Amino acid sequence: MKCKKSYCVLGIETSCDETGVALYDVHRGLLAHVLHSQIELHAEYGGVVPELASRDHIQKILPLIESVLEKASCALQDIDAIAYTAGPGLVGALLIGAMVGRSLAFALNIPAVAVHHMEGHLLAPMLEPNPPDFPFVALLVSGGHTQLISVKELGDYELLGDSVDDAVGEAFDKTGKLLGLGYPGGAALEKLAKQGNPERFHFPRPMVNRPGLDFSFSGLKTFAANTLRNTPFDATLHADIARAFQEAVVETLVIKCRRALKKMRWKTLVVAGGVSANSALRTGLSDMIVQLNCQVYFPRTEFCTDNGAMIAYAGCQRLLAGESTPLQVDVFPRWPLMEL
């Protein structure tokens with residue numbers, strides 16, 4: 001049985017180390033999505049190896065497209081448009097998704113649209129049964145980004161605050177590596193922190209005692225390294241450091257989000273990106289939101305990481321707004337969200 005014809009968008013995500021493919025229908029919502037993670041491939045190197053990532057995307061992308069079509073009981077001819085991630089990300093990885101997406105659109109004689117990876121994250125909560133309404137403040141926390149953004153409507157974005165050095169995801173991964181947790185360090189650090197003593201160490205909350213909404217997490221990582229170096233080792237040292245580090249990050253993000261909501265005088269906060277899956281962060285922001293009598297929205301955990309569903313949704317909204325991408329293929333390893 002094939003899909004009923006409406007407006008079905010195939011989304012392709014290949015910006016880094018996940019290959020994501022999804023089908024989103026404007027009337028029926030998300031039809032199917034599949035995701036392949038390269039964590040095991042890169043784990044032995046302690047981080048993403050760009051060329052290996054590109055090769056793996058090449059091997060996985062067509063089987064994943066076939067898989068998502070089968071899951072949705074669709075054929076290629078049921079696709080009305082294709083959305084692909086054009087940046088930011090690793091240039092080789094981006095080119096795989098862009099070339100496949102654009103070529104497939106050309107072969108099927110359907111429109112294609114280049115999607116900004118971070119806009120995909122920003123709109124990921126829209127895939128939930130109870131999505132947020134515009135306007136809202138967005139906290140984007142991923143491996144390479146920590147940003148506060150005012151979102152008036154689709155495409156109307158203003159940068160309120162940005163990281164001046166390491167993004168929060170980078171700080172998690174680097175601190176996890178310091179503690180011998182391997183790659184990726186963020187999720188392992190969160191798990192270890194649950195075993196830590198919250199009273200043993202108190203880490204600084206960077207840039208909270210000065211005005212503004214910018215972030216800095218490089219010094220916090222250095223503070224963790226110095227604590228590890230200068231404290232006699234015992235059985236709970238690593239867990240206690242992980243706990244103190246995570247609490248400092250969460251409280252810093254909570255303080256800045258509170259400031260942003262008060263600055264904009266809005267009642268809605270959207271949190272997205274890989275670090276939005278962190279349970280301590282979700283709890284801290286949810287508690288703060290209750291105090292302000294506001295609302296907070298998160299994507300489901302599987303849509304916090306890079307995925308095709310968010311690209312299919314974002315691409316669908318862009319296409320409905322009348323946008324499409326010319327036949328030429330351009331990708332943007334660096335692409336500020338405010339340029340949209």
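Residue numbers start at 1 and run along the sequence shown. All of these numbers come straight from a predicted model, not from anything done at the bench.
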Members sharing [X]'s hydrophobic cluster (side chains within less than 4.5 Å):
X    : value
V164 : M207
V49  : L41, Y45, L52
L154 : Y24, L30, M118, L122, L123, M126, L127, F134, F136, L140, I149, V151, Y157, L159, V270, Y297, F303, Y313, F332, W335, L337, M338, L340
V48  : L90, Y183

Pairing of D165 and K221 as salt bridge, 4.0 angstrom limit: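 So D165 does not pair with K221 through a salt bridge.
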
Could you go through Q195 and T236, starting from their C-alpha distance and side-chain angles, then the distance that decides it, and tell me whether this counts as side chain to side chain donor-acceptor pair (under 3.5 Å)? CA-CA 8 Å; Q195 306 170 28; T236 65; over 6 Å; no

Under a plain distance cut-off of 3.5 Å, with no hydrogens placed, do D306 and H117 share a side-chain donor-acceptor pair? yes

Do the side chains of [Y] and [X] get nearer than 4.5 Å, heavy atoms only?
X    : Y    : result
V331 : V91  : yes
E18  : E13  : no
L94  : Y84  : no
V21  : I311 : no

Among residues two or more places apart or on two chains, list those pairs meeting ring pair (Phe, Tyr, Trp, His ring centres under 6.0 Å) that have a residue in residues 237-284.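 Those involving residues 237-284 are F172-F245, F233-H238.
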
Is it the case that atom CZ in R55 sees more than 12 heavy atoms from other parts of the structure closer than 6.0 Å? no

Cluster question for you: counting only ILVMFWY and a side-chain heavy-atom cut-off of under 4.5 Å, with indirect links fine, are L35 and L23 together? no

Mind checking what makes side chain to side chain contact (heavy atoms under 4.5 Å, CB included) contact with A167, not counting sequence neighbours? T146, E170

